[in-house]
Amino acid sequence: MNRAIWIVNVNIFLYGTCWTIQSNTLPYLTQKLGADPVTFGYLLSTFGIIQTLGGLVFGRFGDLFGSDRVLVVAFIAAAMYYGLLSIAINIPILFLSCLPSVFMHAMQGGSMVITDLTNHKERASILGKVSLFYACGSVLGPGLGGYISTHYSNHLAAAVACLGSLLSVFLLVCFLPKVQKKEPHSPVPEDNSDQTAGPQFKKEECNILGKMTSTSNKYTEDASKALSSPNKMLQVINYPGVKHLLMTKVLTGLPSSIYSVMLPIVTMNTFKYTAQQNSYWQTYVAVLMMITQGFGVGFLTKRVSDQSLFKWVTFVFIWSYLFMSLSHTVAEMLVAMAPIIIGMALLSVIINSSLTQLVPSSDTGLVLAMAMACDALVGTVAPILGGFLLKSYGHQTFGCIGFVTSTIAFATFCF
């Protein structure tokens, strides 16, 4: 188990590095190709829509075929995405590059592997460590991407990210052992007719050609059933507590996503930052996430209940976003963002860990996919809404949105 966890962590580090190399240079690449902030928002929204649709399929495939296999697929998709960006010479190719992102869910795949390997008592802490490795990569990535973009080209930065993803594919194929789900648990009664699909594949797998063919046929039927019926998703979302946590993820994620997407545009257009200068605030964000997810999650979850954490984090958000709405400089925005970044890092790990405890183990991949789909949905709305608000009213309105959504989220935990 330790070997598998370490392989996942190393590759999530590479994923965080490659993602932030690309995300730091993408605004400058789109500007170079003639895209304005609104077109940039449409590009990110297209990416978000494709990720939302693909995330649910990705999660269910993980339950059926194994989390280790879909994790490899995620890194292949990432390499294709970065590869297309590296050869983008016009705006249509930029939009075309979004297509491989349908399976580009490495964080989700890594979380699925960890969930399959751990019990609920240690899961939050280990998921926090996975996020720590992602944050470490996010510290390295912006500076590396900014340096390559400034001294060479934006296309080369995307090519480096592509090579990093191909390295991850090699490491996973060669060194990640097969991952099997733990024995199913049933926290609440439900129809068990569809719960054994994922684990049965592992039990029936063998080297005899006839049995392999039988297993393959069974998988095809299970996959078709899972993808053709929305009843499974409705069943999962109706488990007690799941709907509330997903709603919290959306309410708290929307303003945070608006800031993370639009701040590079604000600093580039309003404050005339270069790609390398923009990398500094991304590194600042990553360091805060690294500290929180590496040390804060384990410390707090052992001493404070999840319900109390949800309540106090959303309470802090209210005042942080209020201060954000009054900020006029980058320094003021970064100060206001500190508690928001720390709070979001906590919520991300705790919500995902809590969701996997609310459903049977055969559905953990799907519920994680639904959580990631919420992130992708927010990522779809945030660029369009952020671009409109920035163009029409200014960046201070981002804080107003956060104040309203955080107040609603806080109220749901109080009443």
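Residue numbers run from 1 in the order of the sequence given.
Within the structure, every pair that satisfies the side-chain hydrogen bond (donor to acceptor under 3.5 Å, both in side chains) test and touches residues 160-172, not counting sequence neighbours, is listed here: N11-S168. Evaluation of the salt bridge (Lys or Arg N to Asp or Glu O under 4.0 Å) test over residues 17-31, restricted to residues two or more places apart or in two chains, returns none.
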Could you give the side-chain donor-acceptor pairs of residues 381-389 under 3.5 Å, partners two or more places apart or in another chain?
none

What side-chain donor-acceptor pairs closer than 3.5 Å can you find for residues 70-99, not counting sequence neighbours?
unit_1 : atom_1 : unit_2 : atom_2 : d
Y81    : OH     : Q22    : OE1    : 3.2
Y82    : OH     : W19    : N      : 3.4
S86    : OG     : G83    : O      : 2.5
N90    : OD1    : I93    : N      : 3.1
S97    : OG     : L94    : O      : 2.5

For residues 240-256, which side-chain N or O atoms pair as donor and acceptor with protein atoms under 3.5 Å away, sequence neighbours left out?
unit_1 : atom_1 : unit_2 : atom_2 : d
H244   : NE2    : T412   : OG1    : 3.1
T248   : OG1    : H244   : O      : 2.9
T252   : OG1    : T248   : O      : 2.7

Under 3.5 Å, which donor-acceptor pairs link side chains of residues 140-150 to any protein atom two or more places apart or in another chain?
unit_1 : atom_1 : unit_2 : atom_2 : d
S149   : OG     : N154   : OD1    : 2.3
T150   : OG1    : G146   : O      : 2.8

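Nearest heavy atoms, Y134 versus M107: CD1-SD, 3.8 Å. Between D68 and P177, the shortest heavy-atom distance links the atoms OD2-O, 4.0 Å. L117 approaches A4 most closely through the heavy-atom pair CD1-CB, 3.7 Å. When all heavy atoms of I50 and S101 are compared, the pair lying nearest together is CG2-OG, 3.5 Å. Minimum heavy-atom separation, A409 to T314: CB-CG2, 3.9 Å. Between N352 and A371, the shortest heavy-atom contact is OD1-CB, 3.7 Å.
For the ring pair (Phe, Tyr, Trp, His ring centres under 6.0 Å) test, residues two or more places apart in sequence or in another chain that qualify with F133 are W6. For Y42, the side chain to side chain donor-acceptor pair (under 3.5 Å) test picks out no residue, with sequence neighbours left out. Residues satisfying the ring pair (Phe, Tyr, Trp, His ring centres under 6.0 Å) test with F317, not counting sequence neighbours, are none. Checked against side chain to side chain donor-acceptor pair (under 3.5 Å), T52 has no partners two or more places apart in sequence or in another chain. With sequence neighbours left out, S354 forms a side chain to side chain donor-acceptor pair (under 3.5 Å) with D306. Residues forming a side chain to side chain contact (heavy atoms under 4.5 Å, CB included) with I318 (at least two apart in sequence, or on another chain): F403, S406, T407, F410.
For the atom pair CD of Q31 and OG1 of T25, the computed distance is 12.5 Å after rounding to the nearest 0.5 Å. To the nearest 0.5 angstrom, I237 atom CD1 is 12.5 Å from L358 atom CG. We find the CZ-CZ distance between F61 and R69 to be 13.0 Å, quoted to the nearest 0.5 Å. Atom CE of residue M262 and atom OG of residue S257 lie 10.5 Å apart, to the nearest 0.5 angstrom. Taken from CG in L167 to CG in L14, the straight-line distance is 5.5 Å, to the nearest 0.5 Å. Here M337 contributes atom CE and Y284 contributes atom OH; the two are 7.5 Å apart, rounded to the nearest 0.5 Å.
Side chain of S348 to backbone of A345: no donor-acceptor contact under 3.5 angstrom is found.
At a threshold of 4.5 Å between non-hydrogen side-chain atoms, the residues H395 and L263 do not count as touching. Proximity of K311 to F315: side-chain heavy atoms (C-beta onward) are nowhere separated by under 4.5 Å.
Remark: the D116 side chain and the S67 side chain contain an N/O donor-acceptor pair separated by less than 3.5 Å.
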